[in-house]
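What follows is a set of notes on a single structure, which appears directly below.
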Amino acid sequence: EGLTYMRMGDYPKATACFFKSISFSEKENDSLKIHDAFDHLGTVSFYRLDYKTAGNFYKKSLVFIPADAGIGVRVSTIDNIGLCYSNRKMLDSALFYQQQAVKTIEEMNDSILLAEAYINITSTLLLMKKYTEAEPYIKKAFAINNTIHNEYGQMMANLYTGRLYAETGKDAQAIPFLTIAFSIAEKLKLPAQIKEISSSLATSYQATGDHKQSAFYLRKLVNVMEEIYTEENSKSINELSAKYETEKKQQQIQLLTKDKEIKEHTIQNDRYIKAIIAIIAIMLLLVSVIFIYRFREKKKDNRILFEKN
């Protein structure tokens with residue numbers, strides 16, 4: 001239920017549901033469910049852009065991960081904590097958790113997750129302008145994604161390789177990587193990535209003096225921003241519509257419940273009134289019987305007195 005409210009954007013109700021889940025799971029001593037609830041609370045706070053609270057919830061969820069839950073659960077939580085710090089611009093802390101995630105993933109020997117972790121570290125190091133430290137990580141990510149033929153990973157590796165060159169003043173070397181990344185993003189129909197790569201390509205072509213290509217990618221950027229805006233509006237309308245329908249159904253259920261209660265109360269009142277009428281009728285009957293009996297007795301007594309006289 002909490003996940004449904006979260007997807008609908010009703011974060012207060014989602015939060016209440018997850019706290020109830022924690023309370024129930026604590027009674028059941030179910031650590032994994034407690035972890036899940038705290039993890040979802042972290043996600044709710046993340047969606048609300050409250051990264052500090054989100055990070056605190058993720059840290060709490062980390063404590064409740066059972067030993068037999070699998071490394072993947074721990075990696076996901078550690079990575080989320082790093083992401084919260086990254087959004088708070090606390091890059092040293094973000095890097096610490098991202099490196100912890102890498103160590104854990106290396107134990108799993110999961111190539112896809114490892115490549116993603118390398119890219120996350122690259123992203124943080126680029127924000128810190130630590131380009132020399134970023135280079136080996138993006139090279140590792142590039143090699144892994146090419147080996148396993150992961151298109152999304154290849155796109156991200158090309159994007160961050162291009163960004164590394166561009167941010168170190170090597171725009172001419174950045175353009176081929178960014179172009180490959182753009183091609184994959186269009187193929188996979190990823191508006192957010194198309195937006196980022198279009199912006200980077202427009203900037204790099206501008207830096208190399210190719211204003212025609214720069215203008216081309218600026219148009220791409222404008223088009224995809226319009227697409228994202230339209231999609232977000234449509235999503236908001238759909239979410240509001242779903243929320244309205246849910247609330248409408250809840251109101252209908254409440255009305256039906258009240259109607260049922262009223263009917264039951266009416267039936268009880270009818271039974272009560274009928275019972276009272278029956279009692280009154282019985283009492284009247286008894287009074288009538290007594291009256292008739294006494295009348296006959298009196299008549300009998302009068303006749304006896306008359307006969308004696």
Side-chain angles (χ1 to χ4, degrees), residues 46 49-52 54-55 58-59 75-76 78-106 112-146 150 152-185 190-211 213-214 217-218 220-221 224-225:
F46 193 92
L49 308 183
D50 185 354
Y51 302 119
K52 183 177 180 180
Y58 285 135
K59 285 179 183 178
V75 169
S76 176
I78 292 172
D79 197 46
N80 285 337
I81 295 170
L83 193 58
C84 289
Y85 277 120
S86 181
N87 279 285
R88 294 173 64 193
K89 307 302 179 188
M90 299 173 69
L91 301 179
D92 287 326
S93 296
L95 187 61
F96 169 79
Y97 280 98
Q98 288 169 343
Q99 288 173 335
Q100 290 296 312
V102 165
K103 289 178 183 178
T104 308
I105 296 168
E106 285 174 341
I112 294 176
L113 285 179
L114 189 58
E116 288 178 2
Y118 286 148
I119 287 172
N120 288 340
I121 290 178
T122 301
S123 174
T124 300
L125 289 170
L126 290 182
L127 289 171
M128 298 171 77
K129 301 188 185 304
K130 294 184 176 182
Y131 302 118
T132 303
E133 292 181 34
E135 187 173 359
Y137 284 108
I138 195 59
K139 282 184 176 179
K140 288 178 183 178
F142 202 98
I144 291 171
N145 284 308
N146 282 341
N150 179 7
Y152 182 85
Q154 288 174 325
M155 177 197 69
M156 296 301 289
N158 277 282
L159 167 60
Y160 280 99
T161 302
R163 280 187 54 187
L164 177 62
Y165 280 124
E167 291 183 29
T168 52
K170 301 173 183 176
D171 289 283
Q173 290 174 267
I175 288 172
F177 292 101
L178 293 172
T179 303
I180 292 171
F182 182 83
S183 176
I184 297 172
L190 302 171
Q193 283 71 30
I194 293 171
K195 175 186 171 184
E196 183 180 356
I197 301 165
S198 297
S199 178
S200 296
L201 277 166
T203 302
S204 288
Y205 273 116
Q206 182 72 24
T208 60
D210 192 337
H211 303 297
Q213 283 294 96
S214 179
Y217 283 105
L218 280 174
K220 290 282 188 180
L221 177 60
V224 77
M225 286 179 70

* Indicate the atoms forming the closest heavy-atom contact of Asp92 with Met128, along with that distance. => OD1-CE, 3.0 Å
* Asked: How long is the gap from CE on Met155 to CG on Asn150, to the nearest 0.5 Å?
  -> 9.5 Å
* To do: Report the distance from atom CG of Leu126 to atom CG of Leu91, rounding to the nearest 0.5 Å.
  => 11.0 Å
* To do: Identify the heavy atoms of Ser204 and Ala166 that sit nearest to each other, and give their distance.
  => OG-CB, 3.9 Å
* Any side-chain heavy-atom pair of Leu159 and Glu196 under 4.5 Å -> yes
* What distance do Glu116 atom CD and Ile144 atom CD1 have between them, rounded to the nearest 0.5 Å? -> 10.5 Å
* Which residue, Leu114, Leu113, Ile78, forms the side-chain contact (heavy atoms from CB on, under 4.5 Å) with Val102? -> Leu114
* Mind checking the CD-CD1 spacing from Gln213 to Ile175? Nearest 0.5 Å is all I need. => 8.5 Å
* Which pair of heavy atoms, one from Lys59 and one from Ile81, lies closest together, and at what distance? -> CG-CD1, 3.8 Å
* **Test item: Thr168 side-chain N/O and Leu164 main-chain N/O as donor-acceptor pair under 3.5 Å** => yes
* **Aromatic contact, Phe182 with Tyr217 (centres under 6.0 Å)** => yes
* Check the angle between the aromatic planes of Tyr165 and Phe177 and answer parallel, tilted or perpendicular using the 30° and 60° thresholds. => parallel
* Please confirm whether the backbone N or O of Ser199 pairs with a side-chain atom of Thr203, one donor and one acceptor, at under 3.5 Å? => yes
* Structure fact -> d(Arg88 CZ, Asp50 CG) to nearest 0.5 Å is 9.0 Å
* Looking only at non-hydrogen atoms, find the nearest pair between Cys84 and Gly55 and report the distance. => SG-N, 3.6 Å
* **Tyr152 side chain near Gln193 side chain, heavy-atom distance below 4.5 Å** => yes
* Would you indicate whether the side-chain heavy atoms of Tyr58 and Leu83 approach each other to under 4.5 Å? => no
* For the residue pair Ala54 and Phe46, what are the closest heavy atoms and their distance? -> CB-N, 3.6 Å
* Thr161 (side chain) donor-acceptor with Ala157 (main chain) under 3.5 angstrom -> yes
* **Short side-chain to backbone donor-acceptor contact, Thr122 and Tyr118, under 3.5 Å** => yes
* Heavy-atom side-chain proximity of Gln99 to Tyr137 below 4.5 angstrom -> yes
* To do: With the side chain counted from C-beta on, respond yes when Asn120 and Ser86 share a heavy-atom pair under 4.5 Å apart, and no when they do not.
  => no
* Output yes when a side-chain donor or acceptor of Asp79 lies under 3.5 Å from a complementary backbone atom of Val75, and no otherwise. => no
* Which is it for Tyr131 and Leu125 under the side-chain contact (heavy atoms from CB on, under 4.5 Å) test, yes or no, and what are the steps along the way? -> CA-CA 7 Å; Tyr131 302 118; Leu125 289 170; over 6 Å; no
* Side-chain contact test, heavy atoms from C-beta onward, threshold under 4.5 Å: evaluate it for Ile184 versus Ile180 and give yes or no. => yes
* Structure fact -> Heavy-atom nearest pair, Ala141 first then Ile119, reads CB-CG1, 3.7 Å
* So do Leu201 and Lys220 actually touch side chain to side chain, heavy atoms under 4.5 Å? -> no
* Are Asn145 and Met156 side-chain neighbours, meaning at least one heavy-atom pair lies under 4.5 Å? -> no
